[in-house]
Amino acid sequence: MLRRYYDNVDHFICLSEFQKNILLGEGLPVGRVSVLANPVSFDKQIPPSPLYKKGGASFVKEDAGYVAYVGRISPEKDVFTLLEAARRLGDVPFKFAGDYHRMPEVLKNKPMNVEFLGQLGAKEIIEFYRNAKMVVFATRCYEGFPTVLLEAMSHGLPIVCSRIGGLPEIVEEGVNGLLYESGNVTELTARIQTLWQNPELCKKIGDAGRQKVHEKYGAERLLDQLIDIYGKVISENRSRRSEV
C-alpha cells in the first residue's frame with residue numbers, strides 16, 4: 001500500500017514461478033523478478049536405504065519401512081487428512097517427525113498405526129529418512145520452498161504432496177512423486193496405497209527425485225545463478241546512473 005518495497009527494492013528473487021506470477025499479477029515489472037530455488041548441499045554422503053538390496057534391482061518385502069511425515073505439526077498443515085488416510089490404511093505404519101506442541105490433540109486422535117516422534121536431531125532425521133518408504137508432504141497453505149522435499153528427494157524417497165501453490169514445480173506428478181488435492185482423504189489414501197503396494201514404482205520415482213535434486217538444486221549450481229542475478233542488477237543500476 002505504501003509502495004516501500006516497490007520503490008526501494010531493485011530486484012525481487014522468488015522461490016518459485018508461482019510466487020513470481022503473484023508479484024507480476026500485482027503489477028511488478030517482469031524485469032524486476034527472478035526465480036531461484038532453495039539449494040541443497042551434498043557435502044555429506046547419504047547412506048543407501050536398507051529397504052533395497054545391494055544393486056537396487058532386487059526388492060525386499062513390501063511391508064518394510066513406513067510412511068513418513070517431516071515438519072511442523074500445526075493447523076495450516078493437512079495433518080488431520082493424513083491421519084484419516086492412516087486410519088483407512090490400518091496395516092501401514094506411519095511416523096511423524098516434528099514438533100506437535102501447537103496441536104497436542106493429534107496424540108488423542110491418532111490411529112494405532114501412527115507414531116509421533118517429536119523433534120529429531122540431525123543424525124536422527126537422516127536415519128528416519130533412510131528407513132522410510134515414502135514421504136508425505138501434507139499442507140493446506142501456500143509454501144515457499146520446503147527443504148523437506150529436497151531432503152526426501154536426496155535420499156531417493158518418492159513423495160506424496162499436496163497439489164497447491166508452487167509445490168507441483170518441485171514434485172512433478174508421476175515423475176518424482178504423486179500429488180493430491182489438500183483435504184481430499186480419498187485421493188491421498190489412494191496415492192499412498194499405490195506407492196506402498198509397488199516397491200518398483202517407489203524405486204523409480206525415488207531415483208528420479210534424487211537425479212532432479214542433483215541436476216537442479218545443487219548449492220554450487222544455484223550460487224552461480226545468484227551471482228548472475230546480482231551481476232545483472234548491478235549492471236542495470238550503473239547504466240541508469242550513467243544516464244542521469
Side-chain angles (χ1 to χ4, degrees), residues 40 44-71 73 77-79 81-98 100 106 110-139 146-162 170-180 185 187-214:
V40 62
K44 297 180 180 179
Q45 185 175 1
I46 298 173
S49 170
L51 298 186
Y52 303 102
K53 294 179 181 178
K54 188 176 181 180
S58 181
F59 299 92
V60 298
K61 59 182 182 179
E62 292 187 3
D63 61 352
Y66 46 80
V67 177
Y69 172 94
V70 182
I73 299 168
K77 299 296 186 177
D78 206 19
V79 174
T81 301
L82 181 53
L83 287 177
E84 180 56 33
R87 185 172 283 106
R88 296 185 183 188
L89 298 169
D91 295 332
V92 177
F94 286 69
K95 294 189 179 184
F96 288 67
Y100 49 80
V106 295
K110 74 178 187 69
M112 295 297 294
N113 58 325
V114 169
E115 183 179 2
F116 285 91
L117 304 177
Q119 195 76 31
L120 299 182
K123 293 183 178 179
E124 293 173 317
I125 198 66
I126 291 176
E127 194 66 18
F128 183 72
Y129 281 124
R130 284 191 69 222
N131 293 294
K133 193 166 185 176
M134 71 188 77
V135 167
V136 176
F137 190 84
T139 182
T147 55
V148 167
L149 295 178
L150 301 187
E151 291 172 357
M153 290 160 61
S154 68
H155 281 80
L157 290 171
I159 300 168
V160 178
C161 181
S162 297
I170 310 168
V171 181
E172 300 172 78
E173 175 67 38
V175 179
N176 62 313
L178 301 178
L179 302 174
Y180 81 99
V185 64
E187 187 177 23
L188 175 57
T189 302
R191 297 303 198 190
I192 294 172
Q193 191 171 39
T194 294
L195 290 177
W196 186 262
Q197 294 178 345
N198 194 334
E200 290 88 355
L201 181 60
C202 282
K203 182 70 163 55
K204 177 183 177 181
I205 290 179
D207 286 347
R210 192 201 306 269
Q211 182 178 356
K212 181 174 183 177
V213 166
H214 279 268

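Computation of the quantities below employed the complete heavy-atom set of this structure, encompassing side-chain atoms and omitting hydrogens, waters and symmetry-equivalent molecules.
Looking at M134 and L157, their side chains never come closer than 4.5 Å, going by heavy atoms from C-beta outward. Counting heavy atoms from C-beta outward, K133 and L195 have side chains that stay 4.5 Å or more apart. Side chains of I192 and Y180 form no contact here, defined as non-hydrogen atoms less than 4.5 Å apart. Put simply, the side chain of V79 reaches to within 4.5 Å of the side chain of F96, judged on heavy atoms. Residues L89 and W196 form no side-chain contact, since every pair of their non-hydrogen atoms from C-beta on lies 4.5 Å or further apart. Contact annotation: the side chain of H155 approaches that of I126 to within less than 4.5 Å [non-hydrogen atoms, C-beta and beyond]. Two residues are said to be in side-chain contact when any heavy atoms from C-beta on lie closer than 4.5 Å; F116 and V106 meet this criterion. Looking at heavy atoms from C-beta onward, F137 lies out of side-chain contact with V160 at the 4.5 angstrom threshold.
Looking only at distances, a side-chain donor or acceptor of N176 sits under 3.5 Å from a matching main-chain atom of E172. Within the 3.5 Å criterion, the main-chain N or O of V92 finds a donor-acceptor partner in the side chain of N113. Counting only distance, with no hydrogens or angles, the side chain of E173 and the backbone of L179 share a donor-acceptor pair below 3.5 Å. In this structure a side-chain-to-backbone donor-acceptor pair under 3.5 Å is missing from S162 to A138. Here the side chain of R191 pairs no donor or acceptor atom with the backbone of L178 at under 3.5 angstrom. A donor-acceptor contact shorter than 3.5 Å is absent between the side chain of K110 and the backbone of R87.
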Trace of the side-chain contact (heavy atoms from CB on, under 4.5 Å) decision for M153 with R210: CA-CA 5 Å; M153 290 160 61; R210 192 201 306 269; 6.0 Å; no
Pair I205-V175, side-chain contact (heavy atoms from CB on, under 4.5 Å): steps then yes or no: CA-CA 6 Å; I205 290 179; V175 179; over 6 Å; no
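In this structure, F128 has its ring center under 6.0 Å from that of Y66.
Scanning all heavy atoms of the two residues, the minimum distance from P111 to L83 falls at CG-O, 3.9 Å.
Test P146, C161, P158 against V171 for side-chain contact (heavy atoms from CB on, under 4.5 Å) and you get one pass: C161.
The closest side-chain donor-acceptor pair between N131 and E127 falls under 3.5 angstrom.
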Could you pull out every donor-acceptor pair under 3.5 Å between side chains of residues 118-125 and any protein atom, sequence neighbours left out?
from : atom 1 : to   : atom 2 : distance (Å)
Q119 : OE1    : D99  : N      : 3.4
E124 : OE1    : G121 : N      : 2.6

